[in-house]
Amino acid sequence: MVNINGNLIADNEALLSIANRGYAYGDALFETIRVNSGSILFWEDHYFRLMASMRILRMEIPMNFTPEFLQQEILDLTKESGFMNSSVRIKIIVNRKEGGLYTPTVNNIDYSITVAPLTSGFYTLSDTSYEVTLFKDYYVAPDLLSTLKSNNKLVNILGGVFAKENDFENCLILNTNKMVVEALNGNLFLIKGNNIKTPPISDGCLKGVLRTQLIRIVEKLPEYELEETSISPFELQKADELFITNVISGIQPITKFKKKQYTSEIAKRLLGILNARIRLGD
């Protein structure tokens, strides 16, 4: 099932107009959410990120777009799709209504919600090899638009093609200042000793929801020092650990960059704390 503007429609009956502005101009935002057995993880952070992003793109937020309304829309779709006892990936897409060329005629929005099953109820840590490289063909701008989950993701797409063609699991993206910003599908954390770094939002990285959760966790652990600071490519090979975060897969340790091999001890500890908080509904 698919939810299109509040109407539940069978997958094979859902249609997208060729004039849809998300399709025609990338004039759209999306939010990817994990739901475990009817429980929406980190819902408040997802909701406020979506609302802030819509305001940045000068979209008109409908009066009924309350946290309670969208939460119920997600749960209704999950239930009607037969996934209330499973873990699922929810994707909300918000696009400006049809009309105009580059300049829209209105700022009102349409929305759709899709659901897909996941294999695990909680986050797990993979022990398999995970080698990354730098993607240097294109760069992201260190500005506010780069922090949004918009439909303009060509750098990530081309980085994914590059990784696949060269047998890497992922690429790390640079901004125009040649600082490491994030991975293709999540935020980056670097660990050296008791120091944990992640690029700042001002460098152009996605304002990731799981990034926010881990920052909150680390800030409460006195044995670690957290810094939101720029990371140069030279620092990568000096690190003890590197890992990638997103709300669907959780924490993905990087095992190799160039000739450097990494451990994952702190990543394992943080994942344990994260899963414990999820179980407690924190």
Quiz item: Any donor and acceptor pair, going by atom type alone, linking the side chain of Asp143 with main-chain N or O of Ser146 inside 3.5 Å?
Solution: yes

Exercise. Considering non-hydrogen atoms only, spot the tightest contact between Thr147 and Leu206 and give its length.
Key: O-CD1, 3.3 Å

Quiz item: Is Ile231 reachable from Ile254 through a run of hydrophobic residues whose side-chain heavy atoms are each under 4.5 Å from the next?
Solution: yes

Quiz item: Less than 6.0 Å separating the ring centroids of Tyr102 and Tyr25?
Solution: yes

Quiz item: Between Asn194 and Glu225, is a side-chain hydrogen bond (donor to acceptor under 3.5 Å, both in side chains) present by the stated rule, with each step listed?
Solution: CA-CA 6 Å; Asn194 68 344; Glu225 178 185 351; 5.6 Å; no

Self-check item: Polar side-chain atom of Thr66 near backbone of Phe69 as donor-acceptor pair, under 3.5 Å
Solution: yes

Quiz prompt | Val218 versus Leu270, closest heavy-atom pair with distance | solution = CG2-CD2, 4.0 Å

Exercise. Tell me whether the guanidinium CZ or amine NZ of Lys178 lies under 6.0 angstrom from the six-membered ring centre of Tyr139 and within 45° of its axis.
Key: yes

Quiz item: When Asn107 is tested against each of Arg58, Arg96, Glu60, Lys97 for side-chain hydrogen bond (donor to acceptor under 3.5 Å, both in side chains), which residue passes?
Solution: Arg96

Practice problem: Could you tell me whether the side chain of Val35 reaches within less than 4.5 Å of the side chain of Phe83, counting heavy atoms only? | Solution: no

Self-check item: Side-chain heavy atoms of Pro62 within contact of Ile109, under 4.5 Å
Solution: yes

Self-check item: Between Ser17 and Asn20: side-chain donor-acceptor atoms closer than 3.5 Å
Solution: no

Quiz item: Any side-chain heavy atom of Val247 sitting closer than 4.5 Å to one from Ile33?
Solution: no

Quiz item: If Ile, Leu, Val, Met, Phe, Trp and Tyr residues are connected whenever their side-chain heavy atoms lie under 4.5 Å apart, and connections chain through other members, are Phe243 and Val132 in the same group?
Solution: no

Quiz item: Do the charged groups of Glu44 and Arg49 touch, with an N to O distance under 4.0 Å?
Solution: no

Quiz item: Would Tyr130 and Asn170 count as having a side-chain donor-acceptor pair, cut-off 3.5 Å?
Solution: yes

Quiz item: Can Met51 be reached from Ile93 by stepping across I, L, V, M, F, W or Y side chains whose heavy atoms are under 4.5 Å apart?
Solution: no

Quiz item: Ion pair present between Glu182 and Arg211, side-chain N to carboxylate O less than 4.0 angstrom?
Solution: no

Self-check item: Side-chain heavy-atom pair Thr212, Leu210 within 4.5 angstrom cut-off
Solution: no

Quiz item: Is there a donor-acceptor contact under 3.5 Å from the side chain of Tyr111 to the main chain of Gly6?
Solution: yes

Self-check item: Salt bridge present between Glu98 and Arg21 (N-O < 4.0 angstrom)
Solution: no

